[in-house]
Number of protein chains: 2
Amino acid sequence: MLGRVTSERPTRPSQQDVARLAGVSRTTVSFVVNGVTGVAIPAATRAKVWAAVEQLGFRPNELARGLRSRRSGVLGLVTDAIATTPYAVGIIAGAQEAAARHGRTLLIVDTDSGAGSLLDAAAAMTRWQVEGLMLATDHHREVSLDGEVAGLPPTVLVDCVEADGRLPALVPDERQGGRLATDTLLAAGHRRIGLVNGPPDYPASAGRLAGWRDALAGAGVEVDQRLIRVGDWWQESGHTGAAALLDLPEPPTALFCANDWMAMGAYDLLRERGLRVPGDVAVIGFDNREEIAAHLRPALTTVALPYREMGRRAVEHLVGATPLPPGATRLPCPLVSRASV
Amino acid sequence: MLGRVTSERPTRPSQQDVARLAGVSRTTVSFVVNGVTGVAIPAATRAKVWAAVEQLGFRPNELARGLRSRRSGVLGLVTDAIATTPYAVGIIAGAQEAAARHGRTLLIVDTDSGAGSLLDAAAAMTRWQVEGLMLATDHHREVSLDGEVAGLPPTVLVDCVEADGRLPALVPDERQGGRLATDTLLAAGHRRIGLVNGPPDYPASAGRLAGWRDALAGAGVEVDQRLIRVGDWWQESGHTGAAALLDLPEPPTALFCANDWMAMGAYDLLRERGLRVPGDVAVIGFDNREEIAAHLRPALTTVALPYREMGRRAVEHLVGATPLPPGATRLPCPLVSRASV
DNA sequence: TTGTAAGCGTTATCAC
DNA sequence: GTGATAACGCTTACAA
């Protein structure tokens, strides 16, 4: 004959329960657990409240908190990077970490997992009152959002850029990375440096090529167009490209492969020809795909993509900690030194 | 002089707004948008409501919905698999997909990203009133939860098992996988099959070894202990192990490497010795780490771990679609045929 | 320094 | 068939 039938599932303790146990009002409990400044609550009261919280195992209900305060504390990450390949888990890890640090919850939706298009994903996030949105792609590319952004919460692009560039975007500084790779080879004494690049319609290819030129120009080395070969990112094309370069009348003494898979192909070719890495030919890759780079023999020196950094910066932008300007912000690609140079 | 000062951010349309526009009550709107059965609402009213929903771009507020209905629809996935290696993104993908299909939202927390221990992660999820919890590890192993499970929502282990096995757990059927790999080699006519296994204290090693024995016994082939070598999962040890096996007086004609990295090491050794795969020696791996298996030359035939399946089944258990018994449920590991056998 | 009360957007229980 | 009305657990003026 109680006022209300007890619910099936034993409901978790509420602030109400804490207040009762501590002998204070709900308001006081709210002030204490949220550490509200500007109210002077005696240490004794605070202690009582915390003791009650502890004893009951009270955990605030984020649903209620978000509903009432109109601040969900949820940041949305929409990506096509999970289903395809484990490419950009670094983005997730970096975002997650930063979100936790700023007291935010990260909601991740993979657009390839049935959710369908970006629009569906955004709709799903809307229902959860997300306060910011990150759109991440599985590789650096240009995306077109058309009018879709209208009505969306503050949004930042990760590893992709928009044609008209009104949204802030975080991308790797491919050019700086290409320069870094080439400079590393130059610093090791090489002067003829072959480039096995990716297809021209990728921002990555264009940037890495420009970086290669930059470095050569900076070192006063003549740029020889014949030292450029175009692959398709796959291992086979690294093999082919390396072969073509080594068949040149004046073959290169070092190879800059625009990704690690092609470097892996180059390794194969060098081995077939009885050439040692780095003794006879030095090799440097790009992407730092640990699974490959760390396991090749010798381990591959390569340039890393700043995935974690991109995830981190995206969150810091959305929470207002480090605001980003509209358009692309390029993040530096660090060198990962191993044994192939 | 309005009753309430308008909030800074233009608030999203509510059911209230929809009701006003459609000229019905909030209740009716709720019935219509939730497709409540048992109430007969005329098609005309339904249409009016949907039209208003469309016009306003109304999206239900999950915070309010969850608060009121006491069903958040959130499933929590706690993992250490993101930060370490991109090992088990398949688990996430599979879980995500199944969650979407069942109208649930997946909340992912990576314990290595600052959140700290499992307990912290579980606390974070509790605040969001998760209705089920998945605990996933980065590789098949035994975990001990002590008393930590008390007070947690329904929980399922993914890619790990508990010592006392009271929680349901989803793990790969390592033994079946080992047998499948060996059977594949047997079917190709091999009779002396070397095993380069992982360290003995892994469930994966124990299971794959047992499967190797099973297959040999099943084919009436004598089990020769000398054909077993123990590696450490790394490429070097695959190289070493393969070398030892080929130096045997009666060397094997096929190699079963308990993971793809060791298979990669074996490839290196075979190439060094001028042996062709699969012509001179067939090789089969385990794990199907696409990045390696698909890119080796020749592409590696291997046994895949059922990551997506584990994620999917975990969700289906939690939503009650396909309940799991306490203790381990072993999921089959399928063969991925490529070119090395 | 603490308490009262209103209300966030929704669902659920009743009357009508 | 549809509509009031009361929670859900919390934050936040404002009152005491």
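Chain naming here is simple, since letters A, B, ... match the order of the sequence lines and numbering starts at 1 in each. Here the structure is a predicted model, which means the values were calculated and not measured.
In terms of phosphate contacts, R70(B) brings no side-chain nitrogen or oxygen within less than 4.0 Å of OP1 or OP2 of dT10(C). In terms of phosphate contacts, Q15(A) brings a side-chain nitrogen or oxygen within less than 4.0 Å of OP1 or OP2 of dT11(D). Regarding contacts with the backbone of dG3(C), a side-chain N or O of S25(A) is found under 4.0 angstrom from either OP1 or OP2.
Rounded to an integer number of Å, the gap from CD of Q16(A) to P of dA7(D) is 13 Å. When rounded to the nearest whole Å, the span between CD1 of I41(B) and P of dT2(D) equals 6 Å. Summarising the geometry, the separation between CZ on R20(B) and P on dG3(D) is reported as 14 Å, rounded to the nearest angstrom. In this entry the distance linking CZ of R65(A) with C1' of dT11(D) reads 9 Å, nearest Å. One can place CG of D17(B) at 11 Å from P of dC8(C), the figure rounded to the nearest angstrom. Here the P atom of nucleotide dG9(C) and the CZ atom of R12(B) are 11 Å apart, to the nearest Å. Per the geometry, CG belonging to L63(B) stands 9 Å off C1' belonging to dG9(C), to the nearest Å.
Each end of the helix from dT1(C)-dA16(D) to dC16(C)-dG1(D) yields a helix axis from five base pairs, and these two axes differ in direction by 40° (to the nearest 10 degrees).
T105(B) and W128(A) are linked by a side-chain donor-acceptor pair at a separation below 3.5 angstrom, with hydrogens and angles left out of the test.
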Enumerate all atom pairs, one protein N or O and one N or O from nucleotides 12-16 of chain D, separated by less than 3.5 Å.
from, atom 1, to, atom 2, distance (Å)
dT12(D), OP1, R71(A), NH2, 3.4

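For the salt bridge (charged side-chain N to carboxylate O under 4.0 Å, His left out) condition, the pairs that include at least one residue of residues 17-41 of chain A, sequence neighbours left out, are D17(A)-R20(A).
A side chain to side chain contact (heavy atoms under 4.5 Å, CB included) with L75(A) is found for one member of V130(A), V319(A), L133(A), I108(A) and no other, namely V319(A).
Closest to the L67(B) side chain, of the nucleotides dG9(D), dT10(C), dC10(D), is dG9(D). Proximity note for V24(B) (side chain, C-beta onward) versus dG3(D), dT1(C), dT10(C): the nearest is dG3(D). The side chain of N61(A) lies closest to dC10(D), out of dT1(C), dG9(C), dC10(D).
Not a single donor-acceptor pair under 3.5 Å links the side chain of N61(A) to the backbone N or O of Q129(B). Under a 3.5 Å cut-off, the side chain of T126(A) and the backbone N or O of A122(A) do form a donor-acceptor pair.
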Please set out all donor-acceptor pairs under 3.5 angstrom arising from side-chain atoms of residues 153-162 of chain A, sequence neighbours excluded.
from, atom 1, to, atom 2, distance (Å)
T155(A), OG1, P153(A), O, 2.7
E162(A), OE1, R166(A), N, 3.3
E162(A), OE1, L167(A), N, 3.3

Which pairs would a plain distance check flag for residues 39-59 of chain A, meaning a side-chain donor or acceptor within less than 3.5 Å of a matching protein atom at least two apart in sequence or in another chain?
from, atom 1, to, atom 2, distance (Å)
R46(A), NH1, I41(A), O, 2.9

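Residues meeting the side-chain contact (heavy atoms from CB on, under 4.5 Å) test with E316(B), sequence neighbours left out: R101(B), H102(B), R312(B), R313(B), A321(B), T322(B).
Closest approach of V109(B) and M125(B) over heavy atoms only: CG2-CE, 3.9 Å.
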